[in-house]
Every structure is written in C-alpha cells, then in structure tokens.
Amino acid sequence: MGGQTALNLTLELAEAGVLDRFGVELIGADIAAVKKAEDRDLFKAAMQKIGLDLPRSSYIHNFEEGIKAGEEIGLPLIIRPSRTLGGMGANIASTQQELEANLEWALDLSPVSEALVEESIAGWKEFELEVMRDRKDNVVIVCSIENLDPMGVHTGDSITIAPAQTLTDKEYQIMRDAALAIIREIGVDTGGSNIQFAVHPGDGRLVVIEMNPRVSRSSALASKATGFPIAKIAAKLAVGLTLDEIRNDITRETPACFEPTIDYVVTKIPRFTFEKFKGAADHLTSQMRSVGEAMAIGRTFKESLQKALRSLEIGSTGLEPPPDDLGREELEEKLRVPNSRRLWYLAEAMRRGYSVENLYEISAIDPWFLTNIEQIVEMESALAATASLEDLSAEDLSAAKRYGFSDLRLAALLGCEEKALRERRHELGIKPVYKTVDTCAAEFEAYTPYLYSTYEEEDEAAPSTKDKIVILGGGPNRIGQGIEFDYCCVHAAFALREAGYEAIMVNCNPETVSTDYDTSDRLYFEPLTLEDVLAIIEREKPKGVIVQFGGQTPLKLAKSLEAAGAPIIGTSPDAIDRAEDRERFLQVVTSLGLLQPPSGIARSVAEAEAVAARIGLPVLVRPSYVLGGRAMEIVHEHEHLRRYMENAIRSSPDHPVLIDKFLDQAVEVDVDAICDGERVVIGGIMEHIEQAGVHSGDSACSIPPPTLDPAIQDGIREQTAALAMELEVRGLMNVQFAVVGPDIYILEVNPRASRTVPFVSKAIGRPLAKIAARVMAGESLESLGFTSEVTPAHTSVKEAVLPFLKFPNVDTLLGPEMKSTGEVMGIDQSFGRAFAKAELAAGNRLPCAGKVLVSVRDEDKAEIKPVAAALREAGMTLLATGGTARFLREAGLECELVNKVHQGSPHTVDALRGGTVAMVVNTSSTPQSIRDSFSMRRAALEAGVPYFTTLAGASAAAEGMVLAKQGRLSITALQDFHASGLQAGSETGE
Amino acid sequence: MIAALDLGLKLNIARCFAGLDCRIAVIGAGSSAEDIRALRPDGLFLSNGPGDPDAVSGAIAVVAELARELPTFGICLGHQILALALGAKTYKMKFGHHGGNQPVIDLASKTVEITSQNHGFAVDGDSLPGDLRVTHMNLNDNTVEGIEHRHLPVFSVQYHPEASPGPHDAAPQFRRFLELIAGPGGGGGDVYDQLPALKDGALGS
C-alpha cells in the first residue's frame, strides 16, 4: 500500500531475515512475486514464459558486444550505463555514429563497465491497466488509462485519459488478456497491480513495459476515475475476502467483482514547478518531476480536457495562445520535445495552420487527440469571429459549454467580462447539470453522490433539503500547498458530519482523501474556479461555505464568492484582506503596538537603494504580486540589490518590489491557534531549526520550542491572542514570528488553516482542524472542550523532504523560496532523538562512524566549535577545508585538511565521490562562496550523504547522533505518547 | 461436425468453433429434427437470437427431441430454448442485461467470469425440472446464467463466450462442449448437486 518505499523496505526486512525471525507473513503479494515483478531479468523471463513481448534488449560489456547488439535489435536504441550513482543517465542513439559514441560514453560512465542496450519505443502509444485479483483467482480490470503523451514521458508526468480512447475492442481485449496472464504469472495472490503497455502506432505490436505489484499513483487515479476504491478492496482481499463477497459501496446491492462502466471521460494533467528550480529545463523525460495533478470529468474528451486545464490553477482558463511568440523552428521544437506546456503549443500550431497529420509527425501524439484539440481551436476561432456577446446565439453558447469552455475563456474570446458572460448564459437558461460517477452507468441505483458537471439535459442528483456546509478543497498539490490542506478539509468534513450538517466537498485533486466518495456527504469533482464553485453554491444553497481550509486556492475566491452572495463562514474575507494587504496589516500591527521588521517599497533602483540605506542590509526582496516565496531573495550586497531591481523592473514594470529588513540569525517561530471570538487557544508554538531566511515550509521545526525562553514564549502567546481578537478570527490562524534577542517581530499572519495544522494536531493529540470547523459553524471552544493549550511531555520534530535528486544541476541550498515537496515527523522523549528520527524518516541516515566534511562561512566559525565537538563525541572524525580547519585546530579539535574544489584535486568532491565522507556540514553566504561550494552539495546529494546547509540543522543533527549513540531510539505508538502524556498530568482542555 | 441451429447466429460463434478445428453446419431456424439427424452431427449447437424464446415454438419442439440424442450447447436465446425444451420456464426481465461487464459466478468453482450479455428474458431458476441444474449465476441480480442436464451431455449459458466486443473470460465454454462430445457421454459430474439452493445468494457481507 505504501508505494515503492514500503515495497523496498519489505524487501530489506525479508533479506535481513527479520520477517522470518518474528514469523511475519506477507499478505497480498509475497516476496517471490515482488522480486519477479521488480527484477528486470526475472520479469523478462516471466513474460517470455507466457508468450508476451518486451522491448528487446541485452547487456553488453565492451564496444564490440554493443555494436553487435545494435545490429540485432535495430536502431533507434536506448543506452543505459549500469550501476551509476542514483541510477541516472540514458541516451538515445538514432544513428550508427550516435550508437558508437554512446557506447563509449556508457561503458566509461559505468563503474562496472556494463551497459544495457535496449530497443527504443519512444513515440509508441502508452497504456496502463489497473488489475485486481483475489485468492480464488478472480481477476478484474478496474480501469484502462491511455497516455496522451507517447512513450518517453514518465506516466506520472503524462497527460492521461480514462478510459483508453484510441484502442479498438480487439486491441483492448488482447491487452486485457495479457494483464490477466501477467498478474497470474507474477503471482500477486490478492490485491491490485498496475501494468503498463506500449503499442506500436503502425503495426500494433504490443510490448509489456512494467508491472507494479502494488497499488500505485495510477491506482489512486483509477479509483477516482471509476468509483472503485482499489486500496480499500485490496485490503479486504489481503485478509481473505474474495471479490464476489465484497459489496460495491456505491450500489450497495451488487458485488465488487465487476468491471466499472465509465460513461464519461476522465483527464488528468500533471502540475509542474520548474520555475522554482533554477537551472532545471522544462523537458519531460522518464524521470518524474511533477509535484501534483488535477483531474476532471466530462462527457467528452474535449469537455474533460478543458475542465482539467482550468483545474490546474496555473492561470490558464483554456487553450490560450502561449505568451512567448515563437518562430517556426522554436515552436516545432516545443512540439517535438515533451514539455509542460506542449498542449498550448499544439493549439498554437493549429492556429498557425499546422495539420493534424503534420503535428502527428512532429509530436507522435495520436491523431485522435490532435483532432479533438483542433475542434476546440476551430470553435475558438468561430467564437472570436463573433462580433459581441449579444450576437452569440443560445445554441452556439450551449455548444461551447458542451465543449468544456470556461466562462473566462469565452469572455476573453468575445471581449467581455466573465460576469457579463455568466449573466448572459443564465439569461439564456444555460446551466450545468450534474451526473454521478456510479460505477455502473445508472444500471443500478447509486447511494453515494459523487458528482461532476456537464451541459446536458438530465440532472442525476437533486440537492437535499438538509442544512449544508460547502468545503472548498485545495486543488492540485504543488510546492507550498500540499496534502496538509487536504487533511484540514477532510477533518472539516468529518467534524461537520458529526455536528449533523450535510458536508459538501468541492475539489479536483485525485491524490487526496477529500475526493474519496465517503469523506463527505456529497462530492463535487470540479475545478476550483469562481464559475464552477458558484454553480454548485447556487444549486445547493448551503448555510455556509468554508474557504479557509484549502490553502490559497479557495482563499483567492473568497472575495468574489462573497460578492456573489455566498455565505462565507468563519473569519470574514475582509479580515483576511486586513492580514494580507501590506498597508492594512501595518495599521493592525501599529494599533496593537507590536513590531514588524522595518520595510519599504521600491519602484526603481534609486528607491531601492534609499530603502536599503534607511533599514540597512541585508534585506529580503520580493515582487509584490506573488505568494509562496516565489522570486524572493536575500540581498547582502548593493550590487545584488541593483541587479535584482533591474530584473524586476524589466519583467514586471507595473509591480513594485517589497523590501524588508532581513533579520539575520533570528529564530523563526510558527504558531497555530484557534479563536472563537471569546477566547484564543494556542495549538502549538513551533521553533524553526533553520535560522530566518529559510522558508518556513523548508525548515525543520520542533514542538515544544527547544531553545526559546519561557518569557519570549509568553510574549508570543499574548501577541497571537491580540492579533486573533483584533482580526476577529473565527477558526484557525497561523502567525510567523522572528525572535531576535528579547524582540519579537511579526513576519506574517494568515487567518486560515496553515501547512502545520496536521503536524501540530499530531504533536498535541488534538484535532485542530475539526475543532476549528465546528467553531466556524458557530460552536464555542468551551462547548467543544478545548479551552487551554496542550503541553505535551514529548518532543515532535517536523522535517522537510526535498526533491533535488530529481533535478540535475540544481543547487540544494535552502532559501526564502520553498522547495520541499513533503514532510516527515519524528517524535521522542527529547529534542535530539526526535530530530534524529525525523532525519531518518526524511531519508538522511545520520552516520554513527566515519568522516564529517565541515566547511563553514566565517560568520558561523564561532558557532562551529560545539557542533564539531558533539560530532566527535558521536564517534565521527573531522575533515575540513582551509579556514574551517585552521579554526577547528586552533579550538583544539583534531581534523584532516581537504582542498576546496578550486584549489585542485584531491578536493571535497573527490572525497565525496570516493565514498570516504559520511556527512557534510556546509554553510555559505556570498554569491562567490555559494558558487564555489555548489559542486560539493550536489556531490553529497548524489552520493546519498546527509548534508546540512545551516549550522542550526547540523547542531540538531549532532545532538541526535550523540543521543542515538548512547541508546537506541525508542519505539512508541503515537497513541501511547498521548495516553502517557495525559497521565503525566500535562495540561489538557478537559 | 456440429449442427448449429441459426436463430440469429453471430458469425464469431462460428469463428470460435472453427478456431478449435471444429467443422460446423449452419442450419436454418425452420429445420426439422429429421433434417438435422440427416446431417449425422456429433453435437447440436443452439445459437443466440432476438426476443422472447416462448415465441420460437418450432425450435423448442425440435430441441426437445434432439437434446436427448445429441450433446447440446446453447448460448443466449439458445440457452432459453434449451431450458424451455427440457421443461423449464422463462420470464421477461425488468431491464435485462446489456453490456460487456456482467459478472457471472461458476457455482462449482466459485470463480467469476466477466461476460458480455444482451438479453431481456431469463430462465426461471425455480422452474427447473429435477434433471436440470443451475451452473452459473449473475452476481449483480442472482439470475440464472447457465444450466446443465444432470445425466445428458447438455448445457447452456445465457452470456456470450464468443464476445467481440467483450472480454474473453468465458471462451473456455466452447472447449467444454467439445470435451463433452469427445467424453464418455455422461453429464458434467455431480459437483453442482452439492450446492446450496440458488436464491441463498452468493454475496457475503
């Protein structure tokens, strides 16, 4: 169930003999089946045994073998060097010369002089089948999925459509038969598997790509696409039930032993964040790099595609022309080389007159998909040729809505406002109806209202007359807005159902729990745009709408929803604006007599320099129109400030740049609290491990604060309460503080659920989101029994998980722009142990012996001494670069000297590549030193060596390592921590 | 050689037999028992076809005779006609079964086939005379999907083992027929006799 992480761990446990020692049986798929599916050679043999085809390949050990293999398999070929670090690297050879060059490259790069020469199937059509099997050997296909992007792009990065659209029944049944044979041959006894196939677009040859003997990312998508809960059923199968014995939740009467009927089209589009990783090219490859996805449901591919586009929340409302006006060659390059914007370039090419045949030749995307996109583009030109909104007939508008056009896109094409379009549409009586995802195309009655909109005649799910509250979800996962917000939405739904309301969820993210059909009473799988949300609110007429739980996505809609008459509950949109608007917030802070870092606004280099002169360097600069730390930088030097301003003015002359005094060496603190208007209860005070300047989402943090003075903590409590009462918060609020000596500065206030709510809830054992949802619905904290702060007896540490390994040539340094894609939590009796556990969970295995490479900036040298001493106490020896080594020796700490990279070999990177370094501590501040140490950080990452780019992080790690050395880390269930915490008499609200 | 009574025969049924190296003679729906005997077939196949089986009285009479003489296999309408010929009743269903994903359980092996179906009438399980038994059942609504004779090499299924479009799960039914023809001539064993009554339902909780 836990993806590749769980599977790998299970294999390790089996190999270490742990499972045998404790008599643990694997249920579902056993070790033999997992190995057969995962091991390339075993899998190949298994497929050959049942007569299935794979891409032809062979391992070669020298140049001659490679040439021979090339002749046998035929060009084009993929050449993969064996056993490279991180499994990186593969090149395509389309000509004999390329083959020769790549063979030399691969044999040279492989530490064992081995390479895999494989038939290239790039450009073939790609399909996936989700298969379930029970212990009586019943096998069903839950869903077929087709990738719009042909082979060559990771399926997680591909636009995918369910069900498969371009196969004949004969082709589909051959694939289905193959899937049945594969799950039986691999021997997955019970549960779900995902099987990927490629089909040659010319001759129909079918090859098996791979099989995942577990539930996968695609299983989640397939579950949402069909209403068949794959993981839930797989769990029941694993304990011995059979498919015919399990009921289908949706129909209640019929069993789970069936293949869902799909009378709609589902489109998933991945969401990328290339802009956050400087140096990463927007090229899609077999290495997955998307961070989230949006899914949409429509009656046709066109409708489903256009709904998915606006669900992405990347500012797109449809297939608008790309902002860059590319020449012919550049455009064709964008069509040929897969990238995150290819759909828009395809539409642009069609506008420029490229034919479907031509585009197929360039992109290898199936002509059926291209034809559908062309039909959308053709309708766009017809709409654009319409003189005005009034000239658009009801018939044409209705046809456009059936094609999935958003009101916004139509308004842009017709040159009017969205509101005017919506009013005209309503005047003409054109409104969406809602259909159910019921697994059976209405063959049987459906009891779970899982709905999507379309522009047809019949509505399948009339609203009830109960008291309802609508919860707006967070949309696709992205950096800065992930499943933490979904957690809050899900808990809100649970709490409101408990309180007797009908909970209605709106979201479009298939990876979430909020989009499970049994989380809420009614689920609308819809884009989170004003148009789509308003349509639901107008129809459901809820008592309240919650916009504070889904992150920025619903928050951005708050004002327009309120203007359209939606009953927003909890903190008012105006209070949210008071917290978010810089000027208005300054008034709040001033009236309460609190502190904010000195700041200013600049529209030119001169203005910026004046601000800098007034508040002093270093400063934090950012454009005024972005959120989530985009393009935020810390500036230490005048030259840097000048460069930043010039760039900012060039790229966005209308928006000023915000300049804040950067509080270097400040301790950052996050607070989550709930306010009901009567009282404010602190959920938790989190002290960041990394100093100010690292985005709060990327910084590790701890509850309780390990170093904050109790008086400071009380100050923080008072300020939080004052802000909550002043802003009239009803529900959750998050405040970020920076503490410098005795001074507490307010960095920002977010009167909404924050990223840290699930962490705090788990640390203190109280469901903050649930409590907050009921407060928003009108209950008091007193009636809910949550009246005072919980101080747990244990320590909880949150650590960020970073995706740098997936982005070659990107620096791993942390900064004000958030880059983490996930987080982990460690919990134990002391800070050091909890931190060590969190690092372990994040994949940073803290060593217990070996060398630590230390290279720190001058400002940190004074602080490095206790850290280095602790590291030695933990059993490590020290390796340091020039200045650091000199300092350590002067401080009486023995260390070995190593060259910086620019000082020549053998240097730090050589040491890392040679495997003699077990851990790295590296801090740098000036642009020059950052550049110099870049290759060292990258080498540490690629060698899988834990590295710390802040002294605070290294210090916490050293503390954890010392404690880990002294005694084993304890293993206690979270429930037991909370139970023992309560017994110990810690403060509780009850 | 198999005589295939054409009540609306799908070409793919003929292909499936041919695929098993089996010769078939397609004979018109109006053929008499004599006409069929004259072909000296090794087995009788009753095809699919449209509408209410009760209305096909000629074929029912012919099958009533021949099913006691020849190994017999019916699909869809052929299944209903076999049931009527051997004394069972049929009825009109509320919506019928239509589509390529109908789950059918084999009551002996307890395994499920995903089948393609298209019918509006069904065999009434309670009406089966003592020498017939139910072998297959629809998991969605517990209706009869297959029957066989306890003593004669005679069986039929309501669904389409030859489905195209549709899944291939049920394709082994053709081989089952050929094995009956080649076999010692008895019924399909007693395994289906040991089963609980039909309407107990196969669903757990």
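Naming convention: chains lettered A, B, ... in sequence-line order (proteins, then strands); numbering from 1 in each chain.
No part of E113(B) comes within reach of chain A, as not one of its non-hydrogen atoms sits under 4.5 angstrom from that chain. Contacts between L180(A) and chain B at a heavy-atom distance below 4.5 Å involve the side chain alone, from C-beta outward. F444(A) touches chain B through its side chain: at least one heavy atom from C-beta onward sits under 4.5 Å away, while N, CA, C and O do not. Heavy-atom distances place no part of D137(A) under 4.5 Å from chain B, backbone and side chain included.
Between E245(A) and K110(B) the shortest side-chain heavy-atom distance does not fall below 4.5 Å.
Note: I105(B) CD1 to T242(A) OG1 = 7.5 Å, rounded to the nearest 0.5 Å. Put simply, CD on Q102(B) and OG1 on T254(A) are 10.0 Å apart, with the number rounded to the nearest 0.5 Å. Taking CD of E443(A) as the reference point, atom NE2 of H98(B) lies at 8.5 Å (rounded to 0.5 Å).
A donor-acceptor pair under 3.5 Å is absent between the side-chain atoms of D244(A) and the main chain of T111(B), judged by distance alone. Between the side chain of E253(A) and the backbone N or O of N140(B), no donor-acceptor pair lies under 3.5 Å.
Between C257(A) and L139(B), the closest heavy-atom pair is CB-CD1, 3.8 Å. Minimum heavy-atom separation, Q173(A) to G166(B): CD-O, 2.9 Å.
Salt bridge annotation for R176(A)-D169(B): present, with a cationic side-chain nitrogen under 4.0 angstrom from a carboxylate oxygen.
Remark: the N101(B) side chain and the T261(A) side chain contain an N/O donor-acceptor pair separated by less than 3.5 Å.
Within a 6.0 Å sphere centred on CZ of R175(B), other residues, nucleotides and ligands contribute 12 heavy atoms or fewer.
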